[in-house]
Amino acid sequence: MIPSALSRPAVAADLPFLSAEPLDLVGLLAKSHHPEAGAVVLFSGEVRDNDPQTDVDYLEYEAQEAMASKLIRQILDDACEKFPLKIALAQHRVGKVGISESAVVVITASPHRAEAYSANRYIIDRIKHEAPIWKCEYFKNGTKEWGGNCNCQKITGDANKHVYEWTEDKK
Amino acid sequence: MIPSALSRPAVAADLPFLSAEPLDLVGLLAKSHHPEAGAVVLFSGEVRDNDPQTDVDYLEYEAQEAMASKLIRQILDDACEKFPLKIALAQHRVGKVGISESAVVVITASPHRAEAYSANRYIIDRIKHEAPIWKCEYFKNGTKEWGGNCNCQKITGDANKHVYEWTEDKK
Amino acid sequence: MTIQVFAVLKDYFDKEFEIAGDLKNIAALKQELAVQNPQAANVLDLCRFAVHDEFVDPDYPITTNDTICIIPPSSGG
Amino acid sequence: MTIQVFAVLKDYFDKEFEIAGDLKNIAALKQELAVQNPQAANVLDLCRFAVHDEFVDPDYPITTNDTICIIPPSSGG
């Protein structure tokens, strides 16, 4: 499944952007090599158990699936416009996710490593800030808490304006 | 092989830093999860075939193995001092390496993603600049060329002073 | 019209429910929901609204046949 | 003393060879090698020298029993 002879890189058209099953990191990585890509970067966002207050038992992710899938595709397309990528893929988990399991994976491949890192952060930052996907932490004491990762509008005053880490790379 | 209850993170003490065999990216990734690490970043440096002049047939890597191994261990130790890493590992290939094969892999895992990316670039940049490892490109037309990735001393005037990309992340 | 809510909004509303009445646009719908459930008013202020899977502005006109999604700030990853 | 060279230096020298003579330090060794093989002088200028797997300075004293590695600039990855 090495994408070849494409004017635009493979945005993993056959990969669903959301998955109710465990993410197959090693399977995706095994397919993410390209003869013109000297650098492959994989990011996996995983469930931690060290919440400062109470221990996390598991997480559950909910999505507005149609909008989330469309947005992830758009983010990958945008990444391919901004960076010279040979491979760009992303998949986010929905449903119950246990400790140390992957909630989201992003793989980028490009001729040189600077772009592979920058594009990878671009994609994950936008997914985390913009995709209509929500995390609910279920704690061992029986309580739960909906996540609030993206509080950008408290800073920017605009639900459409986000503060991204990846912009630090662009100086 | 999840490292647990270590005051310093596992620097993959049982993993040789140099390997004459193909790098087992998926095996290494499968082991690189940690309950306190919310972010795992894997970098794979792979052999490209699109040299602008002539087509690369394969690469061969040579190392001063004792010094290279010691330095990679030192770089991983330094990374663990600078960044809050739960996992840090690196392995570089020696000998003949084919197109799309991995020549070097770096995996970092940390509570949050910014450090996992920064530490990963820190490690690969230092390995590429400092480790006594040399690349020789063998072209399809029968010629060969020793690589010159690190030309930093042309800029800095000092064989010990390197220009790193990862410093861009540190502002 | 049919309202679908997500994530933390499910602590205040049913996941999917019908709402009747003369609501001419998204802003009017939001106000009506805040009146029905005052505790949700702060959360609703942070949300965006979507019709046919596209985000719409407060003055977007709505009809009784529309399905409207209320989208809290993202917290994926 | 025994000299080991790596990478591009193997185009100019044997991978491992013996060198005799009254060479008191690394700088003297480097000068001797450049005299023996003038085409290698530019490359040698870019290299570092190591004894017992540690980098050493030009004034590091060497003896006939030492093994000295000549290390070109890195090009790994």
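Residue numbers begin at 1 in each chain, while the letters A, B, ... track the order of the sequences. Fair warning: this is a prediction, and the values are worked out from it, not measured in the lab.
The environment of NZ in D:Lys15 is crowded: more than 12 heavy-atom neighbours from other residues, nucleotides or ligands sit within 6.0 Å. At most 12 heavy atoms of other shown residues, nucleotides or ligands fall within 6.0 angstrom of atom CG in D:Asp22. Few gaps surround CD on D:Gln36; more than 12 heavy atoms of other groups in view lie less than 6.0 Å from it.
Looking at B:Lys144 and D:Asp11, their side chains come closer than 4.5 Å, going by heavy atoms from C-beta outward.
Neither the backbone nor the side chain of B:Ala68 comes within less than 4.5 Å of any heavy atom of chain D. Of the two parts of B:Glu62, only the side chain, counted from C-beta on, holds a non-hydrogen atom closer than 4.5 Å to a non-hydrogen atom of chain D.
Judged purely by atom type and a 3.5 angstrom limit, B:Trp134 has no side-chain atom pairing as donor or acceptor with the backbone of D:Gly76.
Between D:Ser74 and B:Pro132 the shortest heavy-atom distance is OG-N, 4.0 Å. Heavy atoms only, all atoms of each residue included: D:Asp53 and B:Lys70 are closest at O-NZ, 3.4 Å.
With rounding to the nearest 0.5 Å, the separation of CD in B:Glu137 from OG in D:Ser75 is 9.0 Å.
The most heavy-atom pairs under 4.5 Å with chain D, out of B:Val106, B:Val104, B:Ile133, come from B:Ile133.
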